[in-house]
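Read the structure below first, then the notes.
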Amino acid sequence: MTTLFDTIDPALRHAELAAEIRRHDALYHTHDTPEISDAAYDALRRELEDIESRFPNLVTPESPTRKIGAMPARGFQKVPHALPMLSLSNLFEDTEVPVFIERVRKFLGLRPQETLSIVGEPKIDGLSCSLRYENGKLLQAATRGDGTTGEDITANVRTIADIPPTLPSGVPEIIEIRGEIYMRRDDFATLNTRQIEAKEPPFANPRNAAAGSVRQLDPAITAARPLHFFGYAFGMLSSPVAQTQWDIRRVLETWGFAQAEPAARCETVSEILAYYQDVLERRADLPFDIDGVVYKVDRVDWQTRLGAVSRAPRWACAHKFPPEQAITRLNKISVQVGRTGVLTPVAELEPVTVGGVVVSRATLHNEDEIARKDIREGDMVLIQRAGDVIPQIVRVLTEKRSGAEKPYEFPTICPECQSHAVRENDAVARRCTGGLICPAQAAQRLRHFVSRPAFDIEGLGAKIVQELWEDGLLKSPADIFRLESRNASLETPLQNREGWGEVSTRNLFAAINARRRISLPRFLYALGIPQIGESTARRLAAFYGTLEALSEAMTQAQQNEDNGARADLLSIEDIGPAVASEVIEFFAEPHNRAAIEDLTAQITVAPFESPTSTPSPVSGKTVVFTGTLATMTREEAKARAHALGAKVSGSVSKKTDYLIAGEDAGSKRTKAIELGVTVLSEEEWNAL
Ligand code: IVH
C-alpha cells in the first residue's frame, strides 16, 4: 500500500498544515469569522498530529499541537491564567469510547472490579470563560485566549445576569470558575433580525454571536445582548470544595450557576453510549447549540492524578456529534459581489429547520464547487450545519431530479455593474473588473476607506456611508472631500435632515478636512487592494517612499515582466507573487488610476516619513545594491536607504552615486567601475 508520505514531503506538509491551522485559529478565536467547519478543522489537526507522531523531529514548541487557540486580540488587557485553560481531545466514533475508558483505567491502575464513574454533560458551543472570585467577590473574567493568556472581559461579563457578582459566605478565598458563555437559539434569531434591520452583518451562528458580543469594547453593547453562562469546572481553588464532578455541579448550582442538562453519571461503556444517544436525539429540542457531549472522570482525586498532556486533560474528553443535516429544495443560485469584487455564489433554499435553526441560504464557496457537485437550480439537496459555519451543501439528491434542471452557468459579467468578471490564471475566484465603478464594491470599499486604520474619519461610520451612498452623495472616495461644497447646494442639506443637525454636520466636515493630508501607508491601505493589509501597506510605503514612485514602478512592472520593477516589488518582505500581482493589477486598472487621480486632486498624500528626518550623507543620492548582503536583507537595506533620504534604483547608470556591492557582485559592479561610479562594500556603506 502506498501512503500519503510516499508522494508528499512530510516536513513541507507539516509546515503547510501548521500555517493553515494557525490561520484558522486566528479566524476562529480572534476574529470570530471561521471559514471552515469544525469537522474540516479537526481533520487538519489530526493530519498534523499524525505526521508528528511519525516524525517526532518535526515537533516544535510553536507547533499548533502545543498551543491552544490564538493569542488574544488587541483592545483588551491580557490576563495570564493562574492555571492553563485547557482544550479537550475529541472522540468521533462510538468505538473510541471504550478506548478512552481503558486508557484511564490503565493510567490509574484500577482493578477490574473497581468502578470508574464518568459524568456526561452537554458540550456547549459557546465561548469559554474563566471567572476569578476572591473573598466571594467577582474580580476578574477572562477569555481562554491561547490557553495561557486570555483577554480581560470583566466589564462585559458583569453585564451577564447568569453570572453572580458575589458568592455565598464561607466559600474559599480564591475560586476560579470555568464555564461557557453562550447565546440561546431563539435569542440568536431575534438578534440577527435586529442586525439586518440596522444594516449590520448578521452572525453566522449563536457561537459567533456570543463571541462577538463579549468582545465588544463597549460593555453597554454587551449588556444589550442576551448572553447566558453555564459553569462546568474549577480552575484555581485555595481549598477544595467537592470530591466528585457530580458534586461540583451541585455546588456550582447552589452558588447560582446554571448547569447544562441533560447530564448523567455512568458506570459502564454501554451507559455512556446510551447517554450519548439520548442527548443526540434531544439535541434539536435543546434551546442552545451543542456540538457533542463531554465525559469527565467523576472522582476529583483521580482527575488530579490523571493530569494533562500538552493541551488537553487526560481525565476528560469530548465525544462529538455528526453535523446536523436536512433535505430541502435549492430554489435559486444568486451571486454576491464583495468589496474586492469576488463573486460568491449563494444557494437560496426553501426554508428548513436544521438542528433548531431555520436555514434559508447556504454557501456554495465558488464556481468549481458548483461544478464539482453539479448543483443545479431546482435540485433537492442535503445540507448540513457544521457548528461554526453557515450551512453547506453536502450533495445533490440526483435521484429526485425531474430532468428539467439545467447545469448552472456561472455569470461572466458582474451582476451589479455588468463589467466583465474574470478568473485570473488559476484563481478559484471569479472577480468583477469594475473596481470602483461597481456599486457592490463601491459602498463596501467606501466603508473600508473611512475605517479606522485607513482614513479614520470620525462621524463617517458604516451606516452613514451607506445612507450617503444610497443618496448618491458618495459614489467614490473623492466624493467624501467634495461633500461639504456639494452640501451647500443641496435641496435638503445634511444639517436639515433627520438624525443630523448643525453641530454633527459641522463636526463631520471638520473631521473630513482634517484628513486632507494623509500618510502614504494609510492611503495605500485605504485603497482596498486585495491582500494588502496594514502591515503590507506600510512596507510598500517604506520601500517606495512616495505614491508617485510606487505608481511609476507599477506601470513599469505592468509593461514588462523582467525590467526589475517586479523583482523590486517581490524583494519586499511578505510580498509573494500573488500579492505582487494584486498590486500591479490594481494600478493597471484604468478605473483605479482615475479614482486615485480624482482623490489626489482633493488631498495630499504625504511621502513616507522615515524615523530619521535629519539630513544624512546619502540624502538625495541614487544608490544601487548588488550581490548578497551579509548584515541585512535587500529589502531592509533599501528601506534604510530610503529612510536616509536616498533614492534606490535597480540598475547602474551615469546617474548612480554609489553602488553597494555585496558578496558575488557581478556585472553591475563591472559596469559601475566602467562608468566611474563609486563602489562601496557593505561595511563602508554601513559606516556611511
Ligand atoms: S470541561 C479541562 N465541560 O469545550 C477541561 N468544557 O473543546 C475543561 N466546553 O475549552 C473543559 N462544554 O470551552 C468542559 N461541559 C463542558 C463543556 C466544555 C463546552 C468547551 C470548553 C473547552 C472546549 C474544548
Side-chain angles (χ1 to χ4, degrees), residues 24-25 28-29 32 34 37-39 41-42 45-46 64-65 67-70 81-92 100 104 118-131 141-148 150-151 153 162 176-183 206-208 210-211 214 228-237 244-246 248-249 252-253 257-266 272 275-276 279 283 286 288-298 300 302-321 387-388:
H24 289 301
D25 280 344
Y28 183 99
H29 293 284
D32 302 322
S37 67
D38 272 5
Y41 175 82
D42 289 338
R45 274 206 100 95
R46 259 177 300 159
T65 56
K67 296 231 155 103
I68 307 169
H81 296 301
L83 289 176
M85 282 183 82
L86 300 173
S87 169
L88 292 170
S89 52
N90 292 322
L91 312 181
F92 296 94
F100 167 69
V104 170
I118 297 287
V119 173
E121 294 176 342
K123 183 170 186 302
I124 315 301
D125 203 3
L127 167 88
S128 51
C129 175
S130 183
L131 307 171
T143 63
R144 185 168 69 171
D146 66 356
T148 315
E151 295 162 335
I153 51 166
D162 279 5
E176 272 181 20
I177 294 167
R178 306 267 163 96
E180 204 84 354
I181 299 175
Y182 69 98
M183 194 177 285
R207 197 206 80 86
N208 290 131
V214 166
H228 292 274
F229 182 81
F230 283 129
Y232 49 60
F234 285 115
M236 171 113 129
L237 274 180
T244 63
Q245 187 67 35
W246 198 248
I248 289 176
R249 288 177 56 89
L252 284 174
E253 193 160 20
F257 292 94
Q259 292 301 297
E261 298 292 350
R265 180 144 62 165
C266 309
I272 295 174
Y275 167 74
Y276 175 84
V279 181
R283 178 188 198 182
L286 296 178
F288 44 83
D289 268 3
I290 62 176
D291 57 350
V293 292
V294 181
Y295 303 138
K296 299 177 181 174
V297 168
D298 193 32
V300 171
W302 286 356
Q303 292 184 356
T304 314
R305 274 177 61 197
L306 283 155
V309 259
S310 65
R311 56 192 280 272
R314 280 197 201 84
W315 52 269
C317 68
H319 190 172
K320 293 284 201 111
F321 287 155
D388 289 293

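Side chains are part of it too, since the values below use all heavy atoms of this structure and drop only hydrogens, waters and symmetry mates. Counting begins at 1 with the first residue of the sequence. Numbering of ligands and ligand atoms starts at 1, following listing order.
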Any donor-acceptor N/O pair, Gln245 side chain to Tyr232 backbone, under 3.5 Å: yes
Which residues share a side chain to side chain contact (heavy atoms under 4.5 Å, CB included) with Leu88, sequence neighbours left out: Lys123, Val294, Pro313, Ala316, Ala318
Aromatic plane relationship, Tyr182 with Phe230 - under 30° parallel, 30 to 60° tilted, over 60° perpendicular: parallel
Report each N/O pair between ligand 1 and the protein that falls under 3.5 Å, naming both atoms.
unit_1, atom_1, unit_2, atom_2, d
ligand 1, 3 (N), Lys296, NZ, 3.0
ligand 1, 4 (O), Lys123, NZ, 3.3
ligand 1, 7 (O), Lys123, NZ, 3.1
ligand 1, 10 (O), Leu86, O, 3.3
ligand 1, 10 (O), Arg144, NH1, 2.9
ligand 1, 12 (N), Ile124, N, 3.0
ligand 1, 13 (O), Ser128, OG, 3.3
ligand 1, 13 (O), Glu180, OE1, 2.8
ligand 1, 13 (O), Tyr232, OH, 3.0
ligand 1, 15 (N), Glu121, OE1, 2.8
ligand 1, 15 (N), Pro122, O, 3.2

CG on Leu131 to CD1 on Ile181, rounded to 0.5 Å: 7.5 Å
Leu86 CG to His81 NE2 distance, which is reported to the nearest 0.5 Å: 10.0 Å
Backbone N/O of Arg265 and side chain of Tyr275: donor-acceptor pair under 3.5 Å: no
